[in-house]
Engineer: 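Take this structure first; my questions come after.
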2 protein chains.
Amino acid sequence: MDRIDEQILRLLKGNGRMTSSEIGKHVHLSIPAVSERICKMEERGLIEQFSVKINREKMGFHLLAFIMVQLEKPEHIQAFRTVIQEHEQILECHHIAGEYDYLLKTVSRSPSDLERLISDTVKQVKGVVKTSTLIALSTVKEER
Amino acid sequence: MDRIDEQILRLLKGNGRMTSSEIGKHVHLSIPAVSERICKMEERGLIEQFSVKINREKMGFHLLAFIMVQLEKPEHIQAFRTVIQEHEQILECHHIAGEYDYLLKTVSRSPSDLERLISDTVKQVKGVVKTSTLIALSTVKEER
DNA sequence: GTTGAAACAATTACGCC
DNA sequence: GGCGTAATTGTTTCAAC
């Protein structure tokens with residue numbers, strides 16, 4: 001992980017489909033040299049995966065909300081995690097320290113859709129005793 | 001945006017470098033047909049960009065924290081946004097409704113690094129009157 | 001949408017330092 | 001271990017339909 005690898009990562013972050021020859025022009029390396037560096041970074045787990053950023057607005061998800069969840073007892077964690085993993089509108093779930101136990105990042109099509117997500121999905125999980133929802137009005141920055 | 005486009009998006013989400021020929025085998029379409037669909041989704045803005053998911057842990061960022069920020073007056077927003085955009089450890093910034101005005105998703109190398117981020121960067125911005133930090137203990141799900 | 005030819009990029013094998 | 005060159009293989013692009 002040297003200076004050149006960092007440059008390659010920066011380039012790939014901006015365009016995950018950039019060709020090795022194009023990257024090579026930036027870092028002054030041959031095509032096989034660039035390919036090998038990318039492969040090695042994948043092997044080491046530094047590069048987790050190549051992906052696409054999808055515009056959620058254009059997919060109909062107009063609402064971004066953060067839901068903080070209080071879980072009563074640790075015995076309900078497994079059921080909770082299963083629900084989280086299976087729900088496509090729950091993008092992120094972090095175990096956090098503080099008054100609440102989990103912080104969820106969610107997307108919804110409408111306020112009523114968010115209502116369903118909170119009432120029918122999150123609060124339906126055994127052990128969920130309290131939630132607090134933060135609605136995003138706009139997004140200033142989002143490095144996904 | 002039909003059934004096939006959805007399938008293509010799902011495949012690209014899992015592997016942004018999947019070839020059109022490979023995608024074609026899944027959706028039973030020829031290579032130019034797949035390429036054209038991907039191009040059209042890029043033109044429409046549905047696909048924002050191709051990217052790469054980098055393992056933050058392996059990059060030395062062991063701490064994930066959410067910082068909620070209260071901004072005194074709207075006249076300080078521009079300066080605040082500039083700081084946000086320029087700081088690489090601030091991954092996300094959402095304008096939110098509620099007691100706090102902004103929710104920041106941040107990464108740090110260590111607790112002292114997070115301390116610097118809060119004290120020397122965020123609180124240094126004019127108009128920032130209050131912050132509240134949620135430390136992530138672990139991440140259950142993160143669709144980036 | 002498909003097919004096929006041309007252009008392009010990646011992979012492999014090899015030699016080099 | 002890391003790099004470059006050149007041949008091979010595979011992929012995309014571009015036409016025509």
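Reminder, nothing fancy here: chain letters follow the sequence lines and each chain counts from 1. Side chains are part of it too, since the values below use all heavy atoms of this structure and drop only hydrogens, waters and symmetry mates.
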Engineer: What's the CG-P distance between A:N15 and C:dA9, to the nearest Å?
Structural biologist: 13 Å
Engineer: Tell me which of B:C39 and A:H28 sits closer to the 5' end of DNA chain D, going by the nucleotide each one is nearest to.
Structural biologist: A:H28
Engineer: Go through C:dG1, C:dA10, D:dC3 for me and flag the one nearest to the A:A33 side chain.
Structural biologist: D:dC3
Engineer: C:dA9, OP1 or OP2 - any side-chain N/O from A:S20 closer than 4.0 Å?
Structural biologist: no
Engineer: Quick one: is B:S35 getting a side-chain N or O under 4.0 Å of the D:dT12 phosphate, OP1 or OP2?
Structural biologist: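 Answer is no, no contact under 4.0 Å.
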Engineer: How long is the span from the NZ atom in B:K25 to the CD1 atom in B:I23, to the nearest 0.5 Å?
Structural biologist: 11.5 Å
Engineer: Grab the CG-C1' distance between B:L29 and D:dT12 for me, whole Å please.
Structural biologist: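 B:L29 atom CG is separated from D:dT12 atom C1' by 15 Å.
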Engineer: Without decimals, in angstroms, what is the distance between B:I31 CD1 and D:dC14 C1'?
Structural biologist: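 After rounding, the reported distance stands at 13 Å.
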Engineer: Using every non-hydrogen atom in the two residues, find where A:D2 and A:D5 come nearest and quote the distance to one decimal.
Structural biologist: OD1-N, 3.0 Å
Engineer: Nearest nucleotide by nearest heavy atom, which residue falls closer to the 5' end of DNA chain C, B:R37 or A:P32?
Structural biologist: B:R37
Engineer: Between P on D:dT12 and CD1 on B:I38, what's the gap in Å once rounded to a whole number?
Structural biologist: 8 Å
Engineer: So if I take residues 42-55 of chain B and measure heavy-atom distances to DNA chain D, which residues fall below 4.0 Å?
Structural biologist: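 Residues of residues 42-55 of chain B that come under 4.0 Å of DNA chain D do not exist, since none gets that close.
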Engineer: Do A:E22 and A:N15 pair up side chain to side chain, a donor and an acceptor below 3.5 Å, judged on atom types alone?
Structural biologist: no
Engineer: Nearest 0.5 Å please: distance from the CE atom of B:M41 over to the NZ atom of A:K58.
Structural biologist: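 If we round to the nearest 0.5 Å, B:M41:CE and A:K58:NZ are 13.5 Å apart.
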Engineer: Rounded to whole angstrom units, what separation is found between the CD atom of A:E36 and the P atom of D:dT5?
Structural biologist: 15 Å
Engineer: Would you say D:dG1 has OP1 or OP2 under 4.0 Å from some side-chain N or O of A:K40?
Structural biologist: no
Engineer: Is B:T19 near enough to D:dG10 that one of its side-chain N or O atoms lies under 4.0 angstrom from OP1 or OP2?
Structural biologist: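 So the side-chain polar atoms of B:T19 never come under 4.0 Å of the phosphate oxygens OP1 or OP2 of D:dG10.
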Engineer: Is the ring pair B:F80/B:Y102 parallel, tilted or perpendicular, if the boundaries are 30 and 60 degrees?
Structural biologist: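 Ring orientation of B:F80 relative to B:Y102: tilted.
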Engineer: Where do B:I38 and A:R17 come nearest, in terms of heavy atoms and distance?
Structural biologist: CD1-NH1, 4.3 Å
Engineer: For the side chain of B:S21, starting at C-beta, report the closest nucleotide among D:dT12, C:dA9, D:dG4.
Structural biologist: D:dT12
Engineer: Just one of A:H76, A:H95, A:K126 clears the side-chain contact (heavy atoms from CB on, under 4.5 Å) bar with A:L71, so which one?
Structural biologist: A:H76
Engineer: In whole angstrom, give the distance that lies between atom CD1 of A:I8 and atom P of D:dG2.
Structural biologist: 12 Å
Engineer: Taking only side-chain nitrogens and oxygens of A:R17, does any of them come within less than 4.0 Å of OP1 or OP2 of C:dA9?
Structural biologist: no
